[in-house]
Amino acid sequence: MTRGQSQTFDDVFILDGVRTPMVDYMGAFADANPIDLGIKVAREVLVRTGVSAQAVDSVIAGNMAPGGFDQFYVPRHIGLYAGVPVEVPALMTQRICGTGFELFRQAGEQLAAGIASQVLVVGTESMTRNPIAAFDHRGGFRLGAPIGFKDYMWEALTDPAADISMIRTAENLAQRYGLTREDVDAFAARSFERAVAAQAAGWFDGEIVPVANEDFEREGYRARRLRLSGKSAVADKDTHPRPTPPEVLAKLRTVFKDGVQTGGNSSALTDAAAAALVTNGAGVKAAGKAPLARLVAAAVVGVPPEIMGIGPAPAIRLLLERAGVALGDVARFEINEAQGAQALAVARELQLDQDRLNVHGGAIALGHPLAATGVRLTITCARQLRDIGARWGVASACIGGGQGIALLLENPAATH
């Protein structure tokens with residue numbers, strides 16, 4: 001049996017979910033605090049579900065890198081400015097790239113324990129506003145001493161335990177699974193092609209809330225302001241998907257000599273937030289609408305840090321083993337494309353049919369705003385199940401440091 005943590009849930013439902021557009025680094029969200037993006041999607045998911053903010057009895061939010069000096073307050077301020085009662089507690093959750101999935105996992109645990117009945121979950125991330133930081137100068141600056149300011153995001157891409165960058169972990173998987181540059185570029189080109197097609201068909205419109213300049217107020221507290229940068233009046237579409245055939249990708253230089261990973265076949269840098277309302281059967285009945293999905297099970301495992309990207313494979317195996325669902329019965333897989341070689345290695349390890357994997361494109365085309373990613377993938381997976389009338393779906397991601405996490409979703413209205 002695969003080692004790790006797993007659990008099944010009997011009465012946990014995702015009532016609905018929504019996200020902002022995923023906007024390129026230094027784009028329209030460059031000046032947006034992640035808290036404000038989180039407030040926007042939190043308010044919107046309450047509107048879409050018809051659930052009053054007063055009914056929410058738990059707020060769980062995730063955010064990785066500070067997007068402002070108020071980062072300590074991310075979950076609390078999202079809850080307050082979404083209109084949640086002041087008495088309702090708020091929790092910050094962090095599991096790096098798996099943070100968005102962990103939000104659902106913890107919501108399920110709270111519902112199963114009977115300590116909450118309506119849980120607002122929000123993942124929000126600004127890759128643009130990752131700070132230039134220093135940890136060495138609290139005591140001042142000595143004459144001639146090195147200045148320790150570094151790019152927070154760039155430095156975080158190296159795991160100091162294994163002394164390895166995240167890109168190098170993908171290269172390790174490429175070698176282990178015999179993946180060529182052509183294989184990885186072809187996978188990336190397919191991600192772009194699928195995302196462009198889904199965008200052209202308007203498929204993503206069902207999960208995106210347009211974002212414009214907006215003030216968020218709560219009586220007795222200072223108003224917060226969400227402002228778009230530049231000349232943007234509204235952000236309403238993902239900005240990174242574009243026609244990107246293999247021959248275009250082939251022109252890009254690899255990060256490492258004789259490697260396979262480039263800027264074009266790795267996840268894009270984007271800013272975004274995503275939210276969902278997680279409830280029980282009684283909450284579904286009170287809402288008077290069909291839920292988007294049932295959260296059936298969750299699993300998280302550890303893997304060697306130097307091949308951290310393979311994490312989804314054992315996580316998915318443990319997830320399905322515990323839930324008693326066969327891999328072949330899963331109609332849709334949404335697996336985060338941290339790097340092309342990483343995602344392709346997982347697909348080969350599990351022998352996944354590409355027609356069931358990331359069918360509307362993945363993070364290579366859409367981006368990977370860390371804490372928001374898992375919420376986005378879960379919503380996307382659930383919406384696909386509903387569209388095609390299928391029963392089972394899996395959403396999953398690898399996690400820096402050597403972990404994998406996965407969720408099993410069921411379409412309550414499935415016909416097959």
Side-chain angles (χ1 to χ4, degrees), residues 16-29 37 40-41 44 48 127 184-212 228 230-252 262-275 292-293 331-338 340 343-344 347 352-369 372-373 375-390 393 395 411:
D16 208 345
V18 66
R19 64 176 177 91
T20 68
M22 302 180 74
V23 176
D24 276 299
Y25 177 81
M26 297 301 296
F29 291 163
L37 294 176
K40 178 63 179 177
V41 290
E44 179 65 18
R48 294 193 181 197
M127 305 301 282
V184 179
D185 279 351
F187 181 84
R190 184 163 50 244
S191 182
F192 278 106
E193 181 181 22
R194 290 174 168 181
V196 168
Q199 190 173 62
W203 193 87
F204 292 122
D205 295 347
E207 63 190 41
I208 291 176
V209 56
V211 179
L228 302 186
K231 298 179 180 179
S232 304
V234 64
D236 58 1
K237 292 191 184 321
D238 302 320
T239 62
H240 199 73
R242 63 206 67 181
T244 312
E247 55 268 25
V248 170
L249 291 168
K251 296 177 182 179
L252 300 177
T262 70
N265 59 31
S266 301
S267 57
L269 290 176
T270 54
D271 307 327
L292 179 61
R332 288 291 182 267
F333 291 88
E334 283 291 321
I335 299 176
N336 189 40
E337 298 170 355
L344 192 51
L352 291 183
D353 182 349
Q354 295 284 326
D355 291 338
R356 294 186 288 157
L357 173 63
N358 299 354
V359 300
H360 294 306
I364 292 172
L366 295 164
H368 176 26
T373 289
V375 182
R376 197 278 296 178
L377 289 169
T378 302
I379 294 167
T380 297
C381 186
R383 292 184 63 237
Q384 289 180 60
L385 296 179
R386 184 175 62 187
D387 282 357
I388 65 175
N411 174 15

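Throughout, numbering of the chain's residues begins at 1 and tracks the sequence.
Checked options R332, E334, H360, E207; the residue passing with T380 is E207 (criterion: side chain to side chain donor-acceptor pair (under 3.5 Å)).
Expressed to the nearest 0.5 Å, how far CG of L249 lies from NZ of K251 amounts to 10.5 Å. Between atom CZ of residue R19 and atom CG of residue L377 there is a gap of 9.5 Å, rounded to the nearest 0.5 Å.
For the pair S267 (side chain) and I364 (backbone), a donor-acceptor distance under 3.5 Å is absent. Within the 3.5 Å criterion, the main-chain N or O of L252 finds no donor-acceptor partner in the side chain of T262. Panel note: side chain N358, backbone I335; a donor-acceptor pair is recorded below 3.5 Å. No donor-acceptor distance shorter than 3.5 angstrom exists from the side chain of S232 to the backbone of L228, with no hydrogens or angles considered. Proximity of a side-chain donor or acceptor of N265 to a complementary backbone N or O of A188 within less than 3.5 Å is not detected.
Considering only heavy atoms from C-beta on, L344 comes within 4.5 Å of Q354 through its side chain. Counting heavy atoms from C-beta outward, V359 and W203 have side chains that stay 4.5 Å or more apart. Taking the side chain as every heavy atom from C-beta outward, E337 and H368 never approach each other to under 4.5 Å. At least one side-chain heavy atom of V211 sits under 4.5 Å from a side-chain heavy atom of F29.
When every heavy atom of V375 is checked against every heavy atom of A275, the shortest pair comes out as CG1-N, 3.8 Å. Between A365 and A195, the shortest heavy-atom distance links the atoms CB-CB, 3.6 Å. Listed here is the closest heavy atom pair of G206 and R383: CA-NH2, 3.5 Å. When all heavy atoms are compared, the tightest approach of D236 to P210 is CB-CB, 3.9 Å.
Looking only at atom types and distance, the side chain of T270 has no donor-acceptor partner in the side chain of H240 under 3.5 Å away.
T239 is linked by a side-chain hydrogen bond (donor to acceptor under 3.5 Å, both in side chains) to D24, counting only residues two or more places apart in sequence or in another chain. Looking at residues two or more places apart in sequence or on another chain, you find a side chain to side chain contact (heavy atoms under 4.5 Å, CB included) between V209 and V18, K40, V41, E44, R48. In this view, Q199 and F204, K237, D238, P241 satisfy the side chain to side chain contact (heavy atoms under 4.5 Å, CB included) rule, not counting sequence neighbours.
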